[in-house]
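The next block holds one structure in the form of structure tokens; read it before the comments.
Throughout, protein chains are lettered first and strands after them, A, B, ... in sequence-line order, and every chain is numbered starting at 1.
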Amino acid sequence: MPSMTMIQALNSALDTMLDRDPKVLTFGEDAGYFGGVFKVTEHLQEKYGARRCFDAPINECGIAATAIGMAVYGLRPVIEIQFADYVYPAYDQLVSEAARIRYRSAADYTVPMTVRMPYGGGIYGGQTHSQSPEALFTHVAGLKTVIPSTPYDAKGLLIACIEDDDPTIFLEPKRVYNGPFDGRRDRPVSPWSKHPASEVPEGYYKIPLGKANVVREGADLTILAYGTMVHVALAAAEDSGIDAEVIDLRTLVPVDIEAIVQSVSKTGRCVIVHEATRTSGYGAELTALVQEHCFYHLEAPIERVTGYDALSARA
Amino acid sequence: MPSMTMIQALNSALDTMLDRDPKVLTFGEDAGYFGGVFKVTEHLQEKYGARRCFDAPINECGIAATAIGMAVYGLRPVIEIQFADYVYPAYDQLVSEAARIRYRSAADYTVPMTVRMPYGGGIYGGQTHSQSPEALFTHVAGLKTVIPSTPYDAKGLLIACIEDDDPTIFLEPKRVYNGPFDGRRDRPVSPWSKHPASEVPEGYYKIPLGKANVVREGADLTILAYGTMVHVALAAAEDSGIDAEVIDLRTLVPVDIEAIVQSVSKTGRCVIVHEATRTSGYGAELTALVQEHCFYHLEAPIERVTGYDALSARA
Amino acid sequence: MSPRKSNALELHIPAPRTRPGDKPDFSGWSFPEPGDTPRPDVDASAVEMREFAYGLIRVLDLKGAALGPWHPRLDAETLRRGLKYMALTRAFDDRMHRAQRQGKTSFYMQSFGEEAVAVAQTMALDRGDMCFPSYRQQGILIARDYPLVDMMHQIYSNAEDPMKGRQLPIMYSSKKDGFFTVSGNLATQVPQAVGWAMASAYSGDTRIAAAWLGEGSTAEGDFHAAMTFASVYRAPVIINVVNNQYAISSFQGIAGGENTTFAARGVGYGIASLRVDGNDFLAVYAATQWAAERARSNLGPTLIEHFTYRGGPHSTSDDPSRYRPADEAKAWPLGDPIARLKDHLISIGEWSEEEHKKLQEDCAEHVRTTGREAEKVGVLGVEGAHSRESMFQDVYKDMDWRLRAQHEEVES
Amino acid sequence: MSPRKSNALELHIPAPRTRPGDKPDFSGWSFPEPGDTPRPDVDASAVEMREFAYGLIRVLDLKGAALGPWHPRLDAETLRRGLKYMALTRAFDDRMHRAQRQGKTSFYMQSFGEEAVAVAQTMALDRGDMCFPSYRQQGILIARDYPLVDMMHQIYSNAEDPMKGRQLPIMYSSKKDGFFTVSGNLATQVPQAVGWAMASAYSGDTRIAAAWLGEGSTAEGDFHAAMTFASVYRAPVIINVVNNQYAISSFQGIAGGENTTFAARGVGYGIASLRVDGNDFLAVYAATQWAAERARSNLGPTLIEHFTYRGGPHSTSDDPSRYRPADEAKAWPLGDPIARLKDHLISIGEWSEEEHKKLQEDCAEHVRTTGREAEKVGVLGVEGAHSRESMFQDVYKDMDWRLRAQHEEVES
Ligand SMILES: Cc1ncc(C[n+]2csc(CCOP(=O)(O)OP(=O)(O)O)c2C)c(N)n1
Ligand SMILES: Cc1ncc(C[n+]2csc(CCOP(=O)(O)OP(=O)(O)O)c2C)c(N)n1
Ligand SMILES: [Mg+2]
Ligand SMILES: [Mg+2]
């Protein structure tokens, strides 16, 4: 099996789906000839023609809206928002439209579209190239929110999103695009090729939405994480010597409540890790779920390890 | 003291501030000559001229953006978004701009603006005239989020928002604009005039942001609520005979953590009530805060009584 | 504030010429004569066509004669069908407006005075073309023979409501009729229509899309998105701005109508733009036909501004005499679209006052009978019209564990 | 997919004439001759002025002569100042671009080839006028004599960075210089500028606002908001579209440049619109002066499209030879703004090649010295450049309990 970076795995997912299904097309700012600023759509225009993979005007609202129209027609558009920090102009179309069209039309119309966007800090992007807006989507009924942490998951989950009949928000942790950064700033980041989850099959496969992955078993503490923070949590577990179970949620909505309950019922302790600012972050929802489902198993308060309620992100 | 409905109290707050401070002006869709679709700005154009209170084009992004520009100039604009359901086109300007300008410019520029919007269900508005998007603002560092539950609070809090040097999101529970609906569908809603908090001073007064109000004392259970749900919680406490303490949060960010901790430490039980959909709603944050601060006092799981994770709102 | 300087700037706030109490005044508008506007070839370049955005395409004069190169020369049967659909739309609106007053529904919105736009356009389009309406194009459904009773079920939010009580009254949806689910959020449907049109072109299909929005709604960013994408990808779409001169209480100056026309917006994007008398059934039909042919020939989008007048209130929630002269509607110089088409049919000997009276009575009767049928199923406020389960359905294709749990919670 | 029909629709995807490997080709553009465009009165109506959006205001010919009614007739001293600011901007860009290559900063963006826009405009505006730039108008700060060293501190994100390390390099802010905090989000500043201008008019002030955005950014909804509000309230604002023909890798056709000019957007809103040779210092100056006088006379907004060419990469993060002919910049027929102003000054006997060489050396030296000064304070990656507390400051005027608690947490 070839070893891929997360970027290559995402590119392979798009390649696979463009090849399999003529209803799939992809577009976004600089996504065509140039192949995207992070190269996720590289060579796709060359291979499938400008009709299947093209550049869009700098209008995220229009990118989302036209994708909705295409999905309503019966296609399966995959759009790229250049940075998650720039999704807000599309927010109305995603929240008021994509999320609601099935419901408000009593399933007369549906919107099988996928919104891809790099998110998170760590690339010296300052306060507008580093945001983690996942909670702004998890609150929205009608949307599914998915975040991979490895090349293997990235491809399998992206294909699952493209084939899903509902609109999906697919957030890509750009800090681990090229290697599993684990928060140890003192050591160089090892490349993906050294990581088992960089073994990515060439062809078609899916990872079901809504299923978490126990990436480390442990008895004393459950750590819930997603994206880059999965690697940080694993490193922290290792460094601290605590017998922690680390769960990579993979899908935030609908979250794999069974996996969470099973683990916390066993460990009695839970720590939640995310990059986003704390207040009303997705960690709040996870805290609420854990305490609702596992209250009588909890031996200590659930802890949130999150970004501060500031706007920082070093330039 | 005159008795006012919440609409009248809000109108009086704007009137007071337009009168006191030439830097205050207000605008929004139909907010000028017509006085707003809910009449909150009624007679203000007549009294202060079109320059101080005027109609805006139907572009919430532009309404927010021009208000930001005005605030940067040194004015104190108050804008009306006709329904909170229609704030999303303004979301980018509020989240990426209003919330961040102080921070990103190291306080070189500031944005003392107030965003007023009616929110919540109960007026047969269907799924786009009934939403409660507060959690989409509480997650955003740099914004303050305020929700009154009575005429008295509405005026005092709105004035505090207008005088605040940071951007404030002021959500008005439209279900109680004209009377304290308490969820008892079998009884007619009594008018505000029968409620003590409809006694509203004519002139200037403020209610400090960040201070909750214990509207009912009790020993056995703490109910955290805001907006319409304060009245529903009070009625529920009364009907059930439970000795519940009801806290009207008034400000969601920054929330009055002391009031919450003091109450839950005493009662050992906590129920959180809101209209918004459950997942990642503000109740999640409250649950997390309570369990982080009061874990060892809790005798039962914190419960969320919320809207379902559906998009419903009967037309 | 510092004292006023001699060269001080001043803030301009647009105000209409007239307010309640004033005499209606439309003297500010000047209209080209019917028949005077030339008809460009469908492959004319948008640049050459710029002046059409500032004129007004008119076919019918106010006496009922049809004139000039835009005359679509429809057969009498088609014209009578158009008249019937418009009359039926008006009768339907009238009954539903009154039903709201009677408490049978919470809300209603008429298209009074603007019926020609939706009806003539639908007739000029192909049956398979996809419509993305705003909330004032009930005429599309009616012209596609959608059952009135289903519209009423939706308005009454009763057990037969195809939207299961989830939408505000009048927010219909019918995929089989090419009628997109109406959104409460203004203008969102316009870039969606562009995307649908792009998808049709992508698929080598022959169907085109059409979208409608009010002049007030052109201010939304979604309109700009639609125009930009339509221009860039030459989408086979017709974007219709229904300029009925009001957005709730705001006159069109608040939407930018003081300084230019709404058709001019299209010029800014290099999109072919037509400005049409929206109360002239034949002009609306002809302009739509032109734009549809252009789109179908891979020549790209057209913007049409339909200049009309909102004859009624914005909705049942407002009283227009609070913000405009009470008798202004009657003073609108371009008349009533139904009366004008009727006069034309009579003038060509294909209709009579008696037939017209009969048509109106038939429409009223049809609407009345249908109304009774719908009311039998239920009106506003019937408890249990929709299963509790339906509240949790269609959020996603399949209910997830949260929705299943919450559904169980309500049922227990 | 069904088999292709004969009348099948086709999706149009714009493509540039040339790609890497091709010979640069600007033959598609035709330009009016310098001096040929008339100069309307500042109170000309936008409607009368429509053709200006499709022409190109040029003053300088390519030999250095200044011609026609737009010639602003500036004294030689002013022209030399303009030349100096442009040269300094270029020298600054050059050094900072190299500093990024040397790892001293994470990111940089040059304005290479577009220096005339920011510099001439700033000089044509009053000192108190408020500028809402995009990220490519460092020339504004330089022409307002903002200390270069402070710009470098910001770029190096060091202890003296006025933005305290919170912003991407080049996202300056200086209220005292009327330079608004640069946003990472494209086009958001444009409707804010309109609001600022409205506030100035509201206050009876005399100061006007100016905003800049790229041609690619005109696609954003914020641009539409800005144009709509500017038109409706006749805001005293100048909206500048810097058409440098690229938005990262996308040629201007992707932003809608295939079907019309960007100045034409203004026509759609009934806003006076000028299209200017952006590499012609005198034309840019004159157009700005015209628009500023118009705004100051309560005659409302102006849109100016500055037609120029992005000489360098989008930023240090991209290599333009991956998406356009490597030598395209040199082929741009409207030349280099610095060389053109230099030639003009020489042709009128107010400058010489020697003086120019000296100016360039002085600029390079000034930038080098300043660079050393800034580097002494620190470059990218110095730990502890900003206090931990500063991370929690300025989120609000006062830290709330959450920020205080979180600050305490980091300190402990
Ligand atoms: C995004 C959004 N903002 C505001 C509203 C509230 N609203 C509903 S209709 C309306 C006026 C629309 O006027 P216009 O576009 O001219 O259409 P018309 O009613 O005249 O047909 C407004 C402001 C809304 N529905 N959606
Ligand atoms: C809202 C938003 N979307 C996308 C981006 C990413 N982005 C940064 S610069 C740029 C290109 C802008 O091109 P243009 O407006 O022509 O300006 P230029 O770089 O040519 O000066 C893009 C797409 C962004 N910063 N903000
Ligand atoms: Mg209208
Ligand atoms: Mg550009």
May I ask you to test the [X]-[Y] pair for a side-chain heavy-atom distance under 4.5 Å?
X         : Y         : result
Glu80(A)  : Glu29(A)  : no
Tyr91(A)  : Phe137(A) : yes
Val182(D) : Pro133(D) : yes
Ser173(D) : Gln154(D) : no

Taking every heavy-atom pair that is under 4.5 Å apart, which of Pro20(D), Ser183(D), Ala255(D) has the most such pairs with chain A?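 Highest number of pairs under 4.5 Å: Pro20(D).
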Among the listed options Ser249(D), Ser217(D), Pro14(D), the residue most often paired with chain A at heavy-atom distances under 4.5 Å: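 Most heavy-atom pairs under 4.5 Å with chain A: Ser249(D).
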Looking only at the side chains, is there a donor atom on one of Asn185(D) and Tyr88(A) sitting less than 3.5 Å from an acceptor on the other?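 No, no side-chain donor-acceptor pair sits under 3.5 Å.
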May I ask you to check whether Tyr86(A) and His129(A) show a side-chain donor-acceptor distance below 3.5 Å?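 Yes, His129(A) and Tyr86(A) have a side-chain donor paired with an acceptor closer than 3.5 Å.
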When you look at His224(D) and Tyr269(D), which way does the ring pair (Phe, Tyr, Trp, His ring centres under 6.0 Å) test go after all the steps? CA-CA 9 Å; His224(D) 179 61; Tyr269(D) 301 87; 5.5 Å; yes
Which portion of [X] sits near chain A, non-hydrogen atoms under 4.5 angstrom:
X         : value
Gln393(D) : neither
Tyr323(D) : both
Arg322(D) : both
Leu186(D) : side chain
Asp318(D) : side chain
Ile248(D) : both

Among residues at least two apart in sequence or on other chains, which ones pass side chain to side chain donor-acceptor pair (under 3.5 Å) with Tyr119(A)?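 Partners of Tyr119(A) under the side chain to side chain donor-acceptor pair (under 3.5 Å) test: none.
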What's the shortest heavy-atom distance between Leu303(D) and Phe262(D), and which atoms?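 What the structure gives for the nearest pair is CD2-O, 3.5 Å.
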Would you mind checking if Asp182(A) and Arg184(A) are paired as a salt bridge, meaning a charged N to carboxylate O distance below 4.0 Å?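 Yes, this pair counts.
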Can you pull out the residues in residues 31-44 of chain A with any heavy atom less than 4.5 Å from chain D?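 Result: Tyr33(A), Phe34(A), Val37(A), Lys39(A), Glu42(A).
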